Amino acid sequence: MSSSLFSIRGTRLFVEQYNEPCEEVLLYLHGGPGASCVDFCYFQAEALSDSLRVIAIDQRGVLRSDPIQANEHFGLNDIIVDLEELRKQMGIRRWSVLGHSFGGYLAVKYALSYPESIHKVIFETPCFDVKRATRSIISKAKEHFIHVQNQPGIEASNEYLHGNYKPNELWNALGDVFQLLGEDKNLLYFRQLTTHQYDEIMQSQASSNDMWSKNQVHSQKLQEEGLFFENLLPKLSGLTQPTLLLAGAYDPVCCGEQKRVYLEKVQDGRLVMFDRSAHFPRLEEPEKYTKEVLNFIFS
């Protein structure tokens with residue numbers, strides 16, 4: 001493994017590379033917005049690199065990449081153009097892309113914008129539509145509130161689920177719901193992994209609070225711009241690359257409706273379920289995850 005900062009369009013992106021001589025290349029796109037590639041590199045990057053050249057990045061303004069200044073323009077399309085410029089700079093003719101959560105949203109945008117650059121696309125518990133994803137998360141939170149008899153939580157969930165809210169308003173409402181959940185928030189995203197175990201993974205590469213805090217600028221600017229609140233489900237039919245959807249049985253983000261539309265819209269789209277996982281199959285069922293990714297890439 002090697003890591004370095006690549007100068008891309010006026011900033012520097014942190015890039016980790018594994019098995020550089022290999023001709024078959026996989027690019028990992030993290031979620032969040034602003035989550036970083038740390039938890040993917042913890043296990044999967046090494047495991048997959050036995051057969052692939054694996055590239056994982058911290059997106060513009062995230063963690064180990066250069067920060068975004070408060071007065072600097074930054075939007076969703078900057079990430080997409082950064083990816084294409086990175087590909088050119090690294091001399092890669094074509095690569096496959098694996099996007100987790102918000103990274104799955106980016107993978108759709110990238111594949112539609114630069115179809116000739118991408119061999120195959122893998123979605124891990126993706127968010128194709130923020131409104132459907134947030135409603136699903138709030139629904140899962142409501143189930144928990146009912147279980148623990150948290151009446152304020154039940155009332156807040158009902159308000160957001162039955163009110164006429166726009167995608168950006170529901171996204172912001174998650175903050176209220178998460179505050180009512182407290183430490184139980186992570187019960188929505190993990191099935192086997194504990195919060196402590198996940199925190200240890202994330203802190204293993206970047207323990208400085210300053211490194212994590214700059215991610216907030218990345219996320220806030222994307223929210224203010226608002227482009228990622230667009231529903232991409234109708235656009236999935238435009239994908240020309242072979243695709244694979246990796247879904248956790250207990251994942252609240254890639255809800256049943258998103259999986260259903262994916263199978264309807266994407267020609268020959270493949271779905272693999274992880275029966276013991278929620279939002280992070282790569283961590284909760286790592287061996288199966290590695291096997292399914294490699295089987296798809298080399299099929």
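Since the structure is predicted, the reported quantities are computational estimates derived from the model, not experimental observations.
Test Arg135, Glu159, Lys131 against Tyr165 for side-chain hydrogen bond (donor to acceptor under 3.5 Å, both in side chains) and you get one pass: Glu159. Evaluated for a ring pair (Phe, Tyr, Trp, His ring centres under 6.0 Å) with His100, the options Phe280, Tyr28, Tyr289 yield exactly one hit, Phe280. Applying the side-chain contact (heavy atoms from CB on, under 4.5 Å) test between Ile137 and each of Val177, Leu174, Leu170 identifies Leu174 as the sole match.
Checked by atom type and distance alone, the side chain of Ser51 never pairs as donor or acceptor with a backbone atom of Leu48 at under 3.5 Å. In this structure, the side chain of Asn150 does not engage the main chain of Ile146 through any donor-acceptor pair within 3.5 Å. A distance-only check finds no donor-acceptor pair linking the side chain of Ser136 to the backbone of Arg132 [under 3.5 Å]. The closest donor-acceptor contact from the side chain of Lys140 to the backbone of Asp251 lies at 3.5 Å or more, if one exists at all. Counting only distance, with no hydrogens or angles, the side chain of Asp58 and the backbone of Phe14 share no donor-acceptor pair below 3.5 Å. For the pair Gln89 (side chain) and Ser7 (backbone), a donor-acceptor distance under 3.5 Å is present. Remark: the backbone N or O of Pro242 is not paired with any side-chain donor or acceptor of Lys120 at under 3.5 angstrom. Glu169 places a side-chain N or O within donor-acceptor distance of the main-chain N or O of Lys166, the cut-off being under 3.5 Å.
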Chi angles and distances behind the side-chain contact (heavy atoms from CB on, under 4.5 Å) call for Gln59, Leu106
CA-CA 11 Å; Gln59 294 157 24; Leu106 294 174; 3.5 Å; yes
Carefully, step by step, assess Arg260 and Glu264 under the rule salt bridge (charged side-chain N to carboxylate O under 4.0 Å, His left out).
CA-CA 6 Å; Arg260 177 183 61 78; Glu264 289 177 356; 3.0 Å; yes
Take Ser65 and Val15, measure what side-chain contact (heavy atoms from CB on, under 4.5 Å) needs, and give me the verdict at the end.
CA-CA 8 Å; Ser65 293; Val15 179; over 6 Å; no
Worked verdict on His279 versus Ser101 for side-chain contact (heavy atoms from CB on, under 4.5 Å)
CA-CA 8 Å; His279 196 49; Ser101 197; 3.0 Å; yes
Run the numbers on Leu244 and Val272 for side-chain contact (heavy atoms from CB on, under 4.5 Å), then give the verdict.
CA-CA 8 Å; Leu244 171 67; Val272 174; 3.7 Å; yes
Evaluate side chain to side chain donor-acceptor pair (under 3.5 Å) for Tyr262 paired with Thr243, printing each intermediate quantity in order.
CA-CA 10 Å; Tyr262 164 82; Thr243 68; 2.8 Å; yes
Intermediate values then yes/no, salt bridge (charged side-chain N to carboxylate O under 4.0 Å, His left out), Arg9 and Glu85:
CA-CA 8 Å; Arg9 303 175 57 243; Glu85 289 300 314; over 6 Å; no
Go through the steps for His30 and Phe40 under the test ring pair (Phe, Tyr, Trp, His ring centres under 6.0 Å), then give the verdict.
CA-CA 8 Å; His30 65 71; Phe40 178 79; over 10 Å; no
May I have the step-by-step check of ring pair (Phe, Tyr, Trp, His ring centres under 6.0 Å) for Tyr105 and Phe128, ending in yes or no?
CA-CA 5 Å; Tyr105 192 98; Phe128 298 130; 8.4 Å; no
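Using a 3.5 Å distance cut-off with no hydrogens or angles, the side chains of Gln44 and Thr290 do pair a donor with an acceptor. In this structure, a donor-acceptor pair under 3.5 Å is present between the side chains of Thr194 and Gln197. Looking at Asn158 and Lys142, their side chains do bring a donor and an acceptor atom within 3.5 Å of each other. There is a side-chain donor-acceptor pair under 3.5 Å between Arg87 and Ser117. A donor-acceptor contact closer than 3.5 angstrom links the side chains of Tyr198 and Asp39. Ser139 and Glu143 form no side-chain donor-acceptor contact under 3.5 Å, judged by distance and modelled atom types alone. Ser277 and Gln192 form no side-chain donor-acceptor contact under 3.5 Å, judged by distance and modelled atom types alone. Donor-acceptor pairing under 3.5 Å is lacking for the side chains of Tyr18 and Ser2.
No side-chain heavy atom of Ser237 sits under 4.5 Å from any side-chain heavy atom of Leu239. You'll find the side chain of Leu245 stays beyond 4.5 Å of the side chain of Arg270, heavy atoms only. Contact annotation: the side chain of Leu232 never approaches that of Asp129 to less than 4.5 Å [non-hydrogen atoms, C-beta and beyond]. Side-chain contact between His119 and Glu24 is present, with at least one heavy-atom pair separated by less than 4.5 Å. Counting only heavy atoms from C-beta outward, the side chains of Ile92 and Trp95 approach each other to under 4.5 Å. Side-chain atoms of Tyr110 and Val121, non-hydrogen and from C-beta on, never get closer than 4.5 Å to each other. Counting heavy atoms from C-beta on, the side chains of Leu83 and Ile57 come closer than 4.5 Å. Side-chain contact between Leu283 and Ile201 is present, with at least one heavy-atom pair separated by less than 4.5 Å.
No more than 12 heavy atoms of other residues, nucleotides or ligands lie within 6.0 Å of CD in Glu23, so this atom counts as exposed by the packing criterion. Atom CZ of Arg12 has 12 or fewer neighbouring heavy atoms from other residues, nucleotides or ligands inside a 6.0 Å radius. Applying the 6.0 Å contact sphere to CD of Glu20 captures more than 12 heavy atoms from other residues, nucleotides or ligands. Atom NE2 of His147 has 12 or fewer heavy atoms from other residues, nucleotides or ligands within 6.0 Å.
Ion pair Glu284/Arg191 not flagged as a salt bridge, since none of the NZ, NE, NH1 or NH2 atoms sits closer than 4.0 Å to an Asp/Glu carboxylate oxygen. The residues Lys221 and Glu224 are annotated as not salt-bridged, no charged nitrogen and carboxylate oxygen being separated by less than 4.0 angstrom. The existence of a salt bridge linking Glu16 and Arg64 is confirmed by a sub-4.0 Å separation between a basic side-chain nitrogen and an acidic carboxylate oxygen. With respect to the salt-bridge test (charged N to carboxylate O, under 4.0 angstrom), the residues Asp78 and Arg60 do not qualify.
Closest heavy-atom contact between Gly34 and Val62: CA-CG2, 3.8 Å. Nearest heavy atom pair, residue Ile8 against residue Leu86, reads CD1-CA, 3.9 Å. Minimum interatomic distance between Leu180 and Gly153 (heavy atoms only, all atoms of both residues): CD1-CA, 3.9 Å. The two residues Met273 and Lys288 come nearest to each other via the heavy atoms O-NZ, 2.6 Å. Closest approach of Pro281 and Glu124 over heavy atoms only: CD-OE2, 3.2 Å. Residues Phe102 and Gly32 approach most closely at CB-N, 3.8 Å, considering heavy atoms.
Under the 4.5 Å side-chain heavy-atom criterion for Ile, Leu, Val, Met, Phe, Trp and Tyr, Phe274 and Leu271 are members of distinct hydrophobic clusters.
Rounding to the nearest 0.5 angstrom, the gap separating the CD atom in Gln267 from the CG atom in Leu236 is 13.5 Å. Annotation: the span from Met202 atom CE to Glu200 atom CD amounts to 13.0 Å, rounded to 0.5 Å.
Ring pair Trp171/Phe229 is perpendicular by interplanar angle, where above 60° counts as perpendicular and below 30° as parallel.
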